[in-house]
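Note that this is a predicted model, so its numbers are computed, not measured.
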Amino acid sequence: MLIYLAGPMRGLPSFNFPAFDAAAEKLRGEGHMVFNPADRDREVHGDAVSDSPTGNLDDIKDTGFNLREALHADTSFICLEAEAIALLPGWMQSKGATAEYALARALDLEVFLLED
């Protein structure tokens with residue numbers, strides 16, 4: 001199954017990349033194909049894109065990261081390719097993840113809640 005991974009990023013150390021990576025590894029180990037936004041950000045902007053102790057976008061401005069471009073890539077994948085969305089703990093406190101969830105629901109995608 002093609003799964004989009006959603007969860008909180010901004011305001012968390014390293015933009016919560018470790019949690020995204022662990023969840024993606026688990027899902028891939030179960031045989032799923034996973035779009036991990038952390039992977040996409042690293043591919044486009046390099047490993048320094050997660051260098052923030054607080055998850056503040058100002059910390060990574062030198063990487064060229066652009067929130068609009070990232071959300072475009074993420075929501076395009078949900079709209080055009082995803083069969084399901086998997087939600088990391090804390091997703092309901094995330095503006096981005098709640099928008100991604102709403103989009104997935106509007107498209108009648110399967111929704112999975114991931115545990116800690």
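- Put simply, M92 and L113 are part of the same group of oily side chains (I, L, V, M, F, W, Y) that touch within less than 4.5 Å, one to the next.
- Distance check, rounded to the nearest 0.5 Å: NE2 of H45 to CG of D51 gives 13.5 Å.
- Looking at D58 and K61, no side-chain N of the basic residue comes within less than 4.0 Å of a carboxylate O on the acidic one, giving no salt bridge.
- N16 and P8 make their closest contact through ND2-O, 2.9 Å (heavy atoms, listed as atom of the first residue, atom of the second, distance).
- Taking every heavy atom of both residues into account, A70 and R40 meet most closely at CA-NH1, 3.7 Å.
- Here side-chain hydrogen bond (donor to acceptor under 3.5 Å, both in side chains) pairs that include residues 93-114, with residues two or more places apart or in two chains, are Y4-E100, Y101-R105.
- In plain terms, the two heavy atoms of L109 and A82 that are nearest each other are CD2-O, 3.3 Å.
- In plain terms, the two heavy atoms of D59 and T54 that are nearest each other are OD2-OG1, 3.3 Å.
- A heavy-atom distance below 4.5 Å is not found between the side chains of I78 and F35.
- How far NE2 of H72 is from SG of C79: 9.5 Å, rounded to the nearest 0.5 Å.
- Connectivity analysis of hydrophobic side chains (ILVMFWY, heavy atoms under 4.5 Å, direct or indirect) links L71 to M1, I3, L5, M9, F15, F17, F20, L27, V34, V49, L57, I60, F65, L67, L88, F112, L114.
- By the 6.0 Å contact criterion, CD on E81 is enclosed, its count of non-hydrogen atoms from other residues, nucleotides or ligands being greater than 12.
- Using a 4.5 Å cut-off on side-chain heavy atoms (C-beta onward), N36 and D21 make contact.
- Note that CG of D47 is 11.5 Å distant from CG of D41, once rounded to the nearest 0.5 Å.
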